[in-house]
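One structure is given below, encoded as structure tokens.
Values reported hereafter were calculated over all heavy atoms of this structure, with side chains retained and with hydrogens, waters and symmetry mates removed.
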Amino acid sequence: MHAPRTICSRCASQIRSIQTRSLGGAAFFASLSDANAPANASSSTTAPNINPDTHQRTAEAAKRQPHSNAWGTSKKGTRRHISRPSGFSRNKPLRPSEDSAIALFNDVVSPQAKTATSPSSSPLGELEIAAKIKDLSAKAVEPVEKLQIFRQTIWPHLEQFRGGMPKHLLLSSTLLLEKTCEEIAEHGITGHSIELSKLYSGLGRPDLDFRNKLVLNVCHALIFGKRDSAGRAALMDELIGLWKHISQLHRPSQEREPLQFSFPSPRDVRQDITESKMTNHHLDSTTRALAALFLQFGPGDARYIIPGLLTTVAVLSDPRFIRTGTYASMGPLLNLVAIILGSNRDAVTETYISRMFDEYARFPSAKSSNIKSYVLQQWPQAIEMLHNENPPWRSGSSSSLTALHIQLRSAYMARDLASMSSIWLEFKKLLETKPHLADQLRRNAEFLDFWVFVWCACRRHRHLQETFDFMQQLQIHPTLKTYTGMMHGWKLCKDTDRIEALWQKLAGSGQKLDSHIWTERISSLIEAGKPQAGIEALAEMVALWKQAVQKNAPHTAVQPTIESVNAAFKGLIQVDRKAAFEVLKWASREQIEPNVRTYNVLIRQSFRDDSPDDVQTLLKVMSQHGIDPDPATFTIILEEVIGRMGAASAADQVEAVHSVFQDIQRAGLRPNQETYGKMLYAVSSLANGTDEAIAAVFTHMRDNGFKVTPHMATILVERAVSRDPPDMKAIDTMLAEFGFSRVSDGDQTLWERVMSANAVTGNTERAMAIFNDLQKAGRPVTSLPCLADLLWALLASDKREEARHVVDVVLDYKTGDGDWDGDSKDERYWRHRFWFLAEERGLLEGRDLPDVLRANLRG
């Protein structure tokens, strides 16, 4: 981490007064790569070369670094000083391995290379592509055949534009896919929904009404089609995959990820529903609540998927279509729908269902009417399923594995090796007592894949071998995802020897690799201090692709993507700036255009190079190229500008807040609630974060029509408590000002923190009132740090009976049936100081204690 850097008013004004340059991507990258280069640096731009002394310098620099922990990361607060050679030195002979790497890279990335990189021998021009689309649109062929022709003969040429597709091609392609979707819905064709949805996304179209039509088509085939059990299973798999892709829409981080659910967390869903009740909007409360499932879309856009959502829930409540594993697979969707509709059993009425289908189901009318009748008839069963105290997607083996998976992630994030080992033993015992869990693991091996990653990252080679032996016993075969996780784990602990050994085995096995594992290999080598090996890996990837294209067999190799280039660029820019930009310029020549992650690397590097004036230009270039910043973009800006201000004055802090917002707005962007939350947290986290800076954030937020969320209020509560002495008056004023007067007005975290704040400031009556209100609302306090604060305060005030009441409530809740998440089995929960304090003061006497707690108390 860099040392704190104060930004004065003069520097902040310079950020705002930067004259925006209108530069193309390649030209801009060239200007950045040439900046700060020494006068005698080589001007050759034919290949990204690495100084042969890089390995030695990197190794020497590593020796000077603070001691790293077992996972290969430096301790917090240190700054890494890495030697950055300016370019490849031609005055010094290369070692043979380096010579071959550079020669190979020059051969495949030279601008004079004649080999085409598209699946056909020569990329088509715009007019030729337009003619192909027009001919295909007019051709009288079946929709499936039309889709196949489009994917095989047109789509590869459209991909070359990489987000900069001419408008006439974008329009004609969009119309073609929309027409194909209509024909598929009209004829009831299934098996192609996910592919069609992905192609539509590739055109930059996340529209939910398009996907609603696909969902209804699959559901109609399930409900009314005559298929055997295998056919119904295939349709259910298609429906599950389609919903996974829908959850990934409009999320840049998911663009190249495999199909997986990417819904918001239950907490975010509840928070959005709570906030929507305080906002005037034109949607009815039920639609607005269901829209919380799709936070990446505006509520007005999300309503177009609701007919498909209601139909899917109805289908999942029909035992005719359910097979083993269906509920486990659809659990992320059903869990959130149950949360949304759990508080109001009658939210979805017959009138509501009819209105949703009549207004938003753009589907063949006769089929739409049939589906609507089915949903109306099946909805009582759907409601019973959603309100079941032990719903099928939570009960039994599924919840047990889910709870262990959550515990393992928490233990890994805390780097708690003892807990990891304990969870592993518990997992094996669970398999012994419930052997049928093996079937679930075979269908979804993500849990075991994560174990493989954890053992690699923690250098637990014996446990890794044990895990593979265990997988072999269960007849679960490692996949490319398993091996990619292994590489990622070894990258974190810088074990490049094992990375290369694994790669050699994979490459020699004849198994086709994918872009994810190539990217991980490139990233691993560079970040582990072997930049030349990373360059060699990227060159090898390109060479194999071009050779496959020459042989008219592109399916045998992996086409290089911007993610692979980003992996090289991110690592190289810290050790050899010139080589890093050579890679980027080569990618542009190969029509591999930068994405938001590329710009995020550039933005962070601009700050590290003490060149914050480049940030405004980068944001402008992103806007010009149609690349939207993601949350990481603004997080970087906030961390660098606000988080490193040190002992800046109130005026300088306010100036910095304004400068960040102006950067965002000048780029043609609009901050959202997440942006304001991050800004508020960054300012509050400063050692001397001022009230004036906080007020500046809130003023800007109100001017843009945003309200304070419970999360923001929690940040302010923690800020007030951290003062010496804690400022309880400021907390009460803030809660009243922002409308948080009752526990029903905010979320659980906010009121637990408010309860704790009252306890530490001696207002035990108010703290107990909040504790009791949360219990009555069915949301008892479970945060042990907050409970410990309350318990200390009550005992210090000699309120023993109330202290006993607190302990009893927590024990009853954590050991009761309501704890289906499995937290009560988490040994770490029962090792908290709260329980030892309760035992020391005799508050557990006469209680029937869980075995895990009793064992911990005995030591």
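- Under 4.0 Å is where a charged nitrogen must lie from a carboxylate oxygen, and between E186 and K367 no such pair does.
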Residue pair S741, D745: steps toward the side-chain hydrogen bond (donor to acceptor under 3.5 Å, both in side chains) verdict: CA-CA 7 Å; S741 58; D745 295 330; 3.1 Å; yes
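- In this structure, F321 has no ring pair (Phe, Tyr, Trp, His ring centres under 6.0 Å) partners at least two apart in sequence or on a different chain.
- In this structure, H387 contributes its side chain and I383 its backbone to a donor-acceptor pair below 3.5 Å.
- If you take CE on M712 and CE on M734, they are separated by 12.5 Å, rounding to the nearest 0.5 Å.
- N370 and S373 share no side-chain donor-acceptor pair at under 3.5 Å.
- Dense packing is recorded around NZ of K244, with more than 12 heavy atoms of other residues, nucleotides or ligands lying under 6.0 Å away.
- With Q381 contributing its side chain and A314 its backbone, the two residues share no donor-acceptor pair below 3.5 Å.
- Minimum heavy-atom separation, M385 to V313: CE-O, 3.8 Å.
- For the residue pair S193 and E238, a side-chain donor N or O sits within less than 3.5 Å of a side-chain acceptor on the partner.
- Pairs engaging residues 199-220 under the side chain to side chain donor-acceptor pair (under 3.5 Å) rule: E178-Y200, S197-R211, S201-R211, R205-D207, D209-R362 [sequence neighbours left out].
- Rounded to the nearest 0.5 Å, atoms CG (L169) and CD1 (I154) are 10.0 Å apart.
- E126 and H168 share a side-chain donor-acceptor pair at under 3.5 Å.
- Atom CG of D284 and atom CE of M356 lie 5.5 Å apart (nearest 0.5 Å).
- No donor-acceptor pair closer than 3.5 Å links the side chain of Q378 to the backbone N or O of V315.
- Side chain to side chain, Y676 and T709 fail the donor-acceptor criterion of an N or O pair below 3.5 Å.
- Taking the six-membered ring wherever Trp is involved, the centroid distance between the rings of F698 and F738 falls below 6.0 Å.
- Within 6.0 Å of CD on E350 lie no more than 12 heavy atoms contributed by other residues, nucleotides or ligands.
- Around the CZ atom of F263, the shell of radius 6.0 Å holds more than 12 heavy atoms that belong to other residues, nucleotides or ligands.
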